[in-house]
Amino acid sequence: MSSETFGEITLERILARGNLMQALKKVEANKGSCGVDGMETSELRAYFKSNPGKLTEQILQGTFKPSPIRRVYIPKDNGEQRPLGIPTVIDRFVQQAIALVLSEEYEKIFVDHSYGFRPNRDCRQAVRRAMEHIREGYEWVIDIDLRKFFDTVNHDFLVQLLSRRIRDGRVISLIHKFLRAPISEEGKVGKANRLGCPQGGVISPVCANVVLHELDIKLREKNMRACRYADDAVIFCKSRKAAERALKWIKKFIESKLHLRVNEDKTKILKVGSPDVQFLGFSFTTKVSKAKKMKFPQYRYFPTVHVKKRKKLKESLRILLDRRARGGIDRIKRKLRLKLRGWANYFKKAVPISWVQDLDSWIRRRVRQLLWKQWKKPANRYRELKLRWNKAPNVEKFAYSSNRYWHIVTCRPLQTGLSNNVLESEGWYSLEKALRTASGT
DNA sequence: TGTGACGCAAC
RNA sequence: GUUGUUGCGUCACA
Ligand SMILES: Nc1ncnc2c1ncn2[C@H]1C[C@H](O)[C@@H](COP(=O)(O)OP(=O)(O)OP(=O)(O)O)O1
Ligand SMILES: [Mg+2]
């Protein structure tokens with residue numbers, strides 16, 4: 001619990017040998033790409049060892065200057081672009097050292113309903129907490145999202161908050177320097193940054209939590225049923241009226257006190273069962289299988305995989321199982337298994353079985369297409385089919401038929417020769433199997 | 001029990 | 001080409 005008191009955060013503690021070694025390991029393990037200076041993570045250890053005290057001395061003397069941040073854009077799920085800010089590996093190393101200490105201390109004061117970017121906390125716990133509120137009759141939800149969250153964090157306010165807990169001015173100054181690091185885009189270095197924590201900065205997540213901790217405190221003070229993961233906060237109320245009242249002051253608080261911007265489009269008040277409610281990839285539904293209802297008759301709402309996330313998985317499988325897919329069959333098999341395992345492990349019990357069956361038969365259809373294309377020549381097709389289905393009638397005739405894949409895979413010989421069982425025995429994974437192993441049976 | 005390689009998810 | 005935090009999974013080594 002938060003019974004422990006906030007410890008002293010000093011530069012010496014950040015630069016302690018053990019802390020630096022731990023930070024070094026983490027940067028290396030990430031294997032992230034280089035910053036503006038071109039130094040790779042694989043070169044960091046050698047660099048650090050060759051100049052043992054140089055870096056720490058610079059930091060202690062206050063002469064250390066972070067390098068500019070390399071700007072890279074990556075696509076977001078909604079089609080927009082996400083501006084990353086990639087620090088040099090040296091800066092990531094120093095930031096790691098800071099972040100380890102910051103996180104350790106702030107963990108002691110962060111509130112229980114905050115889940116994002118925090119150790120020993122995951123999405124499932126956040127969703128479980130949300131479900132508890134729903135089951136206690138709080139069926140109206142305020143879904144809050146902040147506009148360009150990291151990029152709009154106010155430096156002065158953040159520094160002010162950090163100063164309340166960190167008495168060592170050198171630490172504050174060092175963090176401030178990292179925040180002000182300029183952006184380098186297409187070789188051009190811009191002016192010192194005045195707004196935001198870089199998406200890609202090591203200390204950014206904990207800084208983000210430090211800012212929204214103020215909101216957490218306020219919500220707890222007012223006895224709100226809240227659940228926050230980064231800038232995605234859901235607050236549960238008993239009525240639409242209550243939700244509207246709450247949203248009014250929350251908005252005001254976020255914008256005027258925290259200097260952040262509420263995303264007007266994505267922020268909304270809805271009944272929890274609405275498909276527009278998405279929290280960490282889940283939505284909440286009353287429409288579940290009879291078996292589930294029988295098992296939990298006392299419950300009404302259940303978490304389920306949000307439709308957008310189902311589509312996202314299917315889309316990525318479509319690319320993986322494309323007829324003109326790159327790489328060999330074995331590689332595709334392995335990737336499919338890995339992907340389904342990982343995915344199933346995250347969503348586990350929230351996946352509706354009827355959808356599992358739909359998806360699995362869709363996967364098998366695409367696998368059949370893939371193999372049919374792979375075998376190419378009729379003679380090959382004959383051989384491969386016969387190999388799998390000895391007692392086949394008409395295999396010969398069928399193997400020499402046309403090339404219209406989608407139509408063909410629905411025909412009997414392929415369905416039998418490449419039946420579900422045959423596909424499974426040849427190592428083709430299914431979501432059903434992934435879910436079975438994920439739930440431990 | 002601990003370490004490191006790969007991967008999945010959330011943001 | 002893709003950074004960061006966090007959680008989990010699989011495999012591997014001692
Ligand atoms: N891949 C990532 N790498 C680094 N930081 C990330 C990544 N994804 C999300 N974040 C961090 C930075 C974001 O500001 C914050 C909230 O994510 P998100 O709401 O998706 O974007 P956003 O708040 O920046 O833009 P938007 O205005 O679209 O909501 O989480
Ligand atoms: Mg946002």
Side-chain angles (χ1 to χ4, degrees), chain A residues 22-23 25-36 41 69-78 81-89 91-93 95-96 98-100 102-103 106-107 110 114-128 130 144-146 148-151 178 181 183-184 196-210 212 227-234 266 278-282 303 305-306 308-309 312-313 316-317 320 331 334-348 350-351 429 431 434-435 437-440:
Chain A
Q22 206 181 326
K25 270 190 192 169
K26 290 203 78 176
V27 174
E28 285 177 327
N30 281 342
K31 295 194 186 307
S33 81
C34 66
V36 287
T41 53
I69 282 163
R70 188 162 65 92
R71 180 60 99 224
V72 170
Y73 294 91
I74 60 167
K76 287 201 264 189
D77 276 349
N78 61 14
Q81 298 248 297
R82 159 167 278 121
L84 297 181
I86 305 173
T88 62
V89 293
D91 291 354
R92 296 212 290 270
F93 172 44
Q95 284 194 40
Q96 274 289 356
I98 299 171
L100 287 170
L102 281 188
S103 180
Y106 274 99
E107 272 310 301
F110 283 160
S114 162
Y115 292 91
F117 310 136
R118 296 185 57 190
N120 307 314
R121 281 159 180 269
D122 61 31
C123 299
R124 201 166 304 118
Q125 290 173 310
V127 171
R128 198 177 304 144
I144 297 172
D145 188 89
L146 304 181
K148 302 198 182 317
F149 177 36
F150 277 31
D151 303 321
F178 274 117
I183 294 159
S184 162
C197 311
Q199 305 190 36
V202 184
I203 55 172
S204 298
V206 67
C207 287
N209 271 339
V210 167
L212 284 189
C227 197
R228 186 175 71 78
Y229 194 103
D231 73 334
D232 199 349
V234 281
K266 291 191 198 167
Q278 189 190 351
F279 185 54
L280 309 179
F282 296 86
V305 188
H306 194 275
K308 282 187 180 163
K309 300 299 171 183
K312 191 184 169 190
L313 174 66
S316 71
L317 292 178
L320 179 65
R331 220 177 63 91
R334 221 180 43 245
K335 285 203 85 177
L336 177 69
R337 192 188 52 212
L338 240 47
K339 182 174 270 287
L340 289 179
R341 274 234 182 112
W343 195 92
N345 192 258
Y346 179 73
F347 287 108
K348 280 203 179 118
V351 192
Y429 219 63
L431 182 55
L435 284 164
T437 49
S439 58

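Order of the sequence lines sets the chain letters (A, B, ...), proteins ahead of strands, with each chain counted from 1. None of the values given here were measured: they were computed from a predicted structure.
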Hey, does A:Ser33 reach any base, or is it just sugar-phosphate, or nothing, if we go heavy atoms under 4.0 Å?
-> sugar-phosphate

A:Arg228 CZ to C:rU5 P, in whole Å, measures 18 Å

Which comes earlier along DNA chain B counting from the 5' end, the contact point of A:Ala230 or that of A:Lys339, where each point is its nearest nucleotide?
-> A:Lys339

Would you indicate which nucleotide in C:rU2, C:rU10, B:dA10 comes nearest to any side-chain atom of A:Cys123?
-> B:dA10

Rounded to whole angstroms, how far apart are CZ on A:Arg121 and P on C:rC8?
-> 13 Å

Is A:Arg124 touching bases, backbone alone, or none of the nucleic acid, heavy atoms closer than 4.0 Å?
-> nothing

Earlier contact from the 5' end, RNA chain C, for A:Gly342 and A:Lys26 = A:Lys26

Would you say the side chains of A:Ser33 and A:Arg70 form a donor-acceptor pair under 3.5 Å?
-> yes

In dot-bracket, 5' to 3', how would RNA chain C read with Watson-Crick or G-U wobble pairs under 3.5 Å, [ ] for crossing ones and | for pairs to another strand?
-> ...|||||||||||

Shortest side-chain distance from A:Leu338, nucleotide among B:dC11, B:dG7, C:rG4 | B:dG7

What does A:Tyr346 touch in the nucleic acid at a heavy-atom separation under 4.0 angstrom: a base, only the sugar-phosphate, or nothing?
-> sugar-phosphate

Do the non-hydrogen side-chain atoms of A:Glu107 and A:Asn120 ever get within less than 4.5 Å of each other?
-> no

Considering only heavy side-chain atoms of A:Ile86, the closest of B:dC8, C:rU5, C:rU2 is C:rU2

In short, A:Leu212 meets A:Ala230 closest at the heavy-atom pair CD1-O, 3.4 Å

When the nearest nucleotide of DNA chain B is assigned to A:Asn345 and to A:Tyr229 on a heavy-atom basis, which residue is associated with the more 5' position?
-> A:Asn345

In terms of the angle between their ring planes, are A:Tyr346 and A:Phe282 parallel, tilted or perpendicular, with boundaries placed at 30° and 60°?
-> tilted

Are a donor atom and an acceptor atom from the side chains of A:Tyr429 and A:Arg341 found within less than 3.5 Å of each other?
-> yes

With sugar-phosphate meaning primed atoms plus P, OP1 and OP2, does A:Arg337 contact a base, only sugar-phosphate, or nothing at under 4.0 Å between heavy atoms?
-> nothing

When all nucleic acid strands are considered with a 4.0 Å heavy-atom cut-off, which category describes A:Ile74: base, sugar-phosphate, or nothing?
-> base

Beyond-backbone contact of A:Arg228 with A:Asn209, side-chain heavy atoms, under 4.5 angstrom | yes

Interatomic distance, A:Asn30 CG vs C:rG7 P [rounded to whole Å] | 13 Å

Grab the CG-C1' distance between A:Asp232 and C:rG7 for me, whole Å please.
-> 16 Å

Applying side chain to side chain contact (heavy atoms under 4.5 Å, CB included), run through A:Phe93 and A:Thr88 and close with a yes or a no.
-> CA-CA 9 Å; A:Phe93 172 44; A:Thr88 62; over 6 Å; no

If you check every side-chain atom of A:Lys25, which of B:dG7, C:rU3, B:dG4 has the closest atom?
-> B:dG4

Name the nucleic acid region contacted by A:Pro75, choosing base, sugar-phosphate or nothing; use a 4.0 angstrom heavy-atom cut-off, strictly under.
-> base

May I ask you to test the A:Asp232-A:Phe279 pair for a side-chain heavy-atom distance under 4.5 Å?
-> yes

For the side chain of A:Trp343, starting at C-beta, report the closest nucleotide among B:dC11, B:dA5, B:dA9.
-> B:dA9

Go through the steps for A:Lys309 and A:Asp77 under the test salt bridge (Lys or Arg N to Asp or Glu O under 4.0 Å), then give the verdict.
-> CA-CA 10 Å; A:Lys309 300 299 171 183; A:Asp77 276 349; 3.6 Å; yes

Could you check whether A:Asn209 gets within reach of a base, just the sugar-phosphate, or nothing at all, counting any heavy atom under 4.0 Å?
-> nothing

Under 4.0 angstrom, heavy atoms only, what part of the nucleic acid is A:Arg82 near: base, sugar-phosphate, or nothing?
-> nothing

For A:Lys348, report the nucleic acid contact type (base, sugar-phosphate, nothing); a contact means any heavy atom under 4.0 Å.
-> nothing

Contact class for A:Lys31 vs. all strands (heavy atom < 4.0 Å): base, sugar-phosphate, or nothing?
-> sugar-phosphate

A:Leu212 CG - C:rU6 P separation (whole Å) | 18 Å

Side-chain N or O of A:Arg92 less than 4.0 angstrom from OP1 or OP2 on C:rG4?
-> yes

Consider the side chain of A:Pro119, meaning its heavy atoms from C-beta on, and name the nucleotide among B:dG7, C:rG7, B:dC11 that approaches it most closely.
-> C:rG7

Which pair of non-hydrogen atoms, one from A:Val127 and one from A:Leu280, has the smallest distance, and what is that distance?
-> CG2-CD1, 4.3 Å

Please work out if A:Gly32 contacts a base, only the sugar-phosphate, or nothing of the nucleic acid, heavy-atom cut-off 4.0 Å.
-> sugar-phosphate

Figure out the CZ/P separation between A:Phe347 and C:rG9, and round it to whole Å.
-> 16 Å

Could you tell me whether the phosphate oxygens of C:rU6, OP1 or OP2, come under 4.0 Å of any side-chain nitrogen or oxygen in A:Asn120?
-> no

Tell me which nucleotide among B:dC11, B:dA10, C:rU3 gets nearest to the side chain of A:Asp231.
-> B:dC11

Taking the side chain of A:Arg70 as its heavy atoms from C-beta onward, which of B:dA9, C:rG4, C:rU2 lies nearest to it?
-> C:rU2

Verify the contact: side-chain N or O of A:Lys312 to OP1 or OP2 of B:dC8, cut-off strictly under 4.0 Å; return yes or no.
-> no

